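To start, the structure under review is shown below, and the notes come after it.
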Amino acid sequence: MFRAYREFMLALKKRSKKLTYIVGLVSQKGGVGKSTLSRMIAREFEKGGMRTKIADLDTQQQTCTYWAGRRAECNIEPEIQVQSFATVKSALSDAPRFDALIMDGKPNASEQTLEVAKAADVVVIPTGQTVDDLHPGVLLAHSLVRKGIPIPRIAFAMCKTTGSARESDAARRYLEEAGYSVLEGEIPVSTAYGSASDNGKAITETSYVTLNRKASDLAQSIVDRLTELAEKRVA
Ligand SMILES: Nc1ncnc2c1ncn2[C@@H]1O[C@H](COP(=O)(O)OP(=O)(O)O)[C@@H](O)[C@H]1O
Ligand SMILES: [Mg+2]
């Protein structure tokens with residue numbers, strides 16, 4: 001069942017003295033869903049009462065930056081703040097003003113990806129279900145671990161899935177056997193998600209309750225992971 005974000009966020013804030021939660025979205029491949037998830041997380045966090053900002057680090061595409069423009073044009077609430085940053089360092093310098101910073105990384109950028117991963121409380125790697133998608137995701141995760149990122153901070157998110165339970169199970173097994181955890185919930189391919197984005201909405205804001213629920217389940221799972229990690233830090 002869907003749990004109230006507000007209560008959850010307040011609990012999250014109380015549990016840790018840390019001022020800004022940082023979620024990093026990274027991948028080696030492009031088009032896997034980093035920007036889509038960034039916008040969803042930002043929307044859910046804002047809804048939950050956290051002042052949130054997206055740092056759009058893909059300066060070539062600026063997907064989130066343009067999306068925020070469409071959102072503002074359509075007067076969609078809550079307003080989501082997005083800013084383009086050329087470097088992780090400058091994105092971080094702006095972080096203390098917010099409760100959460102969502103870093104939307106650019107693909108094929110090993111240096112920036114590592115910087116995002118180092119700064120993030122949780123590093124989300126979106127992936128499809130095929131080995132073509134899973135394999136580079138696992139290689140990226142391995143390389144981050146080799147460079148000192150703790151495994152529990154890495155979470156795979158299943159995006160653009162086909163809806164086949166068999167494929168989804170196989171993909172989850174693949175990632176778990178490689179040593180990584182997979183967030184609960186998944187985002188199936190749907191034109192309604194695409195058109196929501198086109199209209200400045202997040203994927204939790206489509207016209208379809210079931211699709212919104214699917215997306216918010218994944219958002220909830222990210223919140224759960226952040227809470228777990230924050231509890232460990234406090235303990
Ligand atoms: N679940 C989905 N269903 C349909 N289209 C999607 C879905 N997720 C993402 N897309 C579309 O796929 C493209 C790539 O997604 P995006 O989030 O921009 O990936 P990335 O930031 O990793 O490059 C975009 O056009 C986006 O609108
Ligand atoms: Mg992107």
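Please read these numbers as outputs of a predicted model, since none were measured by experiment. For this chain, numbers begin at 1 and follow the sequence in order. Both counts, for ligands and for their atoms, begin at 1 and track the order of listing.
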**Item:** Shortest non-hydrogen contact from D198 toward R70
**Value:** O-NE, 2.9 Å
**Asked** Does a side-chain N-to-carboxylate-O contact under 4.0 Å join K34 and D104?
**Response** no
**Request:** Go through the steps to decide whether Y174 and H135 satisfy the test side chain to side chain contact (heavy atoms under 4.5 Å, CB included), and finish with yes or no.
**Result:** CA-CA 9 Å; Y174 184 100; H135 183 66; 3.5 Å; yes
Please tabulate, for the side chains in residues 143-157, all donor-acceptor contacts under 3.5 angstrom to protein atoms that are two or more places apart in sequence or on a different chain.
unit_1: S143; atom_1: OG; unit_2: L140; atom_2: O; d: 2.8

Quick one: ligand 1 N/O to protein N/O pairs below 3.5 Å?
unit_1: ligand 1; atom_1: 1 (N); unit_2: P188; atom_2: O; d: 2.8
unit_1: ligand 1; atom_1: 3 (N); unit_2: S190; atom_2: N; d: 2.9
unit_1: ligand 1; atom_1: 3 (N); unit_2: S190; atom_2: O; d: 3.3
unit_1: ligand 1; atom_1: 12 (O); unit_2: K160; atom_2: NZ; d: 3.0
unit_1: ligand 1; atom_1: 17 (O); unit_2: S35; atom_2: N; d: 3.4
unit_1: ligand 1; atom_1: 17 (O); unit_2: T36; atom_2: N; d: 2.8
unit_1: ligand 1; atom_1: 17 (O); unit_2: T36; atom_2: OG1; d: 2.6
unit_1: ligand 1; atom_1: 19 (O); unit_2: G33; atom_2: N; d: 3.1
unit_1: ligand 1; atom_1: 21 (O); unit_2: S35; atom_2: N; d: 2.9
unit_1: ligand 1; atom_1: 21 (O); unit_2: S35; atom_2: OG; d: 2.9
unit_1: ligand 1; atom_1: 22 (O); unit_2: V32; atom_2: N; d: 3.1
unit_1: ligand 1; atom_1: 22 (O); unit_2: G33; atom_2: N; d: 3.0
unit_1: ligand 1; atom_1: 22 (O); unit_2: K34; atom_2: N; d: 2.9
unit_1: ligand 1; atom_1: 22 (O); unit_2: K34; atom_2: NZ; d: 2.8
unit_1: ligand 1; atom_1: 23 (O); unit_2: G31; atom_2: N; d: 2.7

**Item:** Closest non-hydrogen atom pair, P126 against L25
**Value:** CG-CD1, 4.4 Å
**side chain to side chain donor-acceptor pair (under 3.5 Å) partners of E205, counting only residues at least two apart** = R43, R71
**Message:** Between S216 and R213 (side chain of the first, backbone of the second, donor and acceptor by atom type, cut-off under 3.5 Å), is there such a pair?
**Reply:** yes
**Prompt:** Are T65 and D56 close enough that a side-chain donor and a side-chain acceptor fall under 3.5 Å?
**Reply:** yes
**Asked** Can you list the protein N, O or S atoms less than 2.8 Å from the Mg ion (ligand 2)?
**Response** S35 OG
**Asked** Does a side chain donor of either T127 or D133 reach within less than 3.5 Å of an acceptor in the other side chain?
**Response** no
